[in-house]
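Chain letters run A, B, ... following the sequence lines, proteins first and then strands; every chain starts at 1.
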There are 2 protein chains.
Amino acid sequence: MADQTICPKFEKALTIINKRWAALIIFQLLEGSQRFCNIESSIGVSGRVLSERLKDLEKEGLVKRTVYDETPVRIEYSLTEKGKSLKPVLQAIQEWADHSIDLNQND
Amino acid sequence: MADQTICPKFEKALTIINKRWAALIIFQLLEGSQRFCNIESSIGVSGRVLSERLKDLEKEGLVKRTVYDETPVRIEYSLTEKGKSLKPVLQAIQEWADHSIDLNQND
DNA sequence: ACACTTACTTACATAAAGTAAGTTAATAAC
DNA sequence: GTTATTAACTTACTTTATGTAAGTAAGTGT
């Protein structure tokens, strides 16, 4: 790949949040910390990909995995500060969607 | 797929702009209308995918393809109003990238 | 006539995502 | 005390998307 790179930070940001499901996962976690199966059913992602994506997002420091050592163990995923700082981005998408998306237009 | 759908407009917006290269293409076109080979070399996308993506974006009404009937023909791609209305979204990403992305952190 | 450019398309290879079943650990139900 | 159920994954396999490279058609330049 040539990689002429317009703006490296912008491009790297896209490799993180432009991955399939990443934005929806973060959108969902903006509501508060949640369990694996809850995210899975809320956004309709497969467990296989959710597992993979949560690891990516954790590695990027956007998501935190917390194990509550009760019986049975409870595991919750939440946004870090860096993750929460994406809120304006998702809000901008939401606003754009609200005034520019026509759900009846099927392609 | 279950498709529990959080917000259908938001999800549809993501299927458009979250496709690989779509955001970068629009980012690039915010600078003004451009030719195929210019977009190709600026963002490092392959001709195969650029061709496909430009058609998607045209179908979604974000991009306009204009043929200038000179000799040889010149074909330029530009943003429609709907495409330009994505600017705040890309700006939000840019701002987030500027203060949250660390280029040295390699994963 | 021959090489070069633009805007693509086609054929093929690799990577990412979807589907479904399996695993481990714990608890609840019969 | 076997059987069933739930949570959080993982594994194996299939389908889809993307990358790579070569090819095409129309025109220009030498």
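Between the CG atom of A:L24 and the P atom of C:dG18 there is a distance of 11 Å, given to the nearest Å. Atoms OH (B:Y77) and C1' (C:dA7) sit 7 Å apart, rounded to a whole Å. Going from atom CG of A:L50 over to atom C1' of C:dT19 covers 15 Å, rounded to whole Å. In this structure, CZ of B:R20 is placed 9 Å from C1' of D:dG19, rounded to the nearest angstrom. Atom P of nucleotide D:dT6 and atom CD of A:E70 are separated by 19 Å, given to the nearest angstrom. The CZ atom of A:R35 sits 12 Å away from the C1' atom of C:dA26 (whole-angstrom rounding). As rounded to whole Å, 7 Å separates atom C1' of C:dA16 from atom CD of A:E52. Atom CZ in A:F36 sits roughly 18 Å away from atom P in C:dT23 (whole-Å rounding).
Of the side-chain N and O atoms in A:S51, one or more sit less than 4.0 angstrom from OP1 or OP2 of D:dT10. Contact between the side-chain N/O atoms of A:W21 and the OP1/OP2 oxygens of C:dA16 is not found at any separation under 4.0 Å. Between C:dC8 and B:R65, a contact under 4.0 Å exists linking OP1 or OP2 to a side-chain N or O. Proximity of B:K55 to the phosphate of C:dT9: a side-chain N or O atom is located under 4.0 Å from OP1 or OP2. For B:R53 and D:dT18, the shortest distance from a side-chain N or O to OP1 or OP2 is below 4.0 Å.
Between the side chains of A:Q34 and A:Q28, a donor-acceptor pair is found at a separation under 3.5 Å.
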Is there a side-chain contact (heavy atoms from CB on, under 4.5 Å) between B:L54 and B:R65 once you walk through the steps? CA-CA 9 Å; B:L54 284 170; B:R65 182 183 191 266; over 6 Å; no
Test side-chain contact (heavy atoms from CB on, under 4.5 Å) on A:F10 and B:I93 and set out the steps. CA-CA 7 Å; A:F10 185 82; B:I93 296 172; 3.7 Å; yes
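For B:P72, the side-chain atoms get nearest to D:dG27 when compared with the rest of D:dG27, D:dG19, D:dA8.
Residue-environment remark: NZ (A:K9) exceeds the threshold of 12 foreign heavy atoms within 6.0 Å.
Side-chain N/O atoms of A:R48 and base N/O atoms of C:dA17 include a donor-acceptor pair closer than 3.5 Å.
The residue among A:K19 and A:V73 whose nearest nucleotide of DNA chain C lies closer to the 5′ end is A:K19. In terms of position along DNA chain C, the nucleotide closest to B:R74 lies nearer the 5' end than the nucleotide closest to the other residue of the pair A:G47 and B:R74.
Remark: the backbone N or O of A:C7 is not paired with any side-chain donor or acceptor of A:K12 at under 3.5 angstrom.
No engagement by A:E40 is indicated, since no non-hydrogen atom pair under 4.0 Å with the nucleic acid exists.
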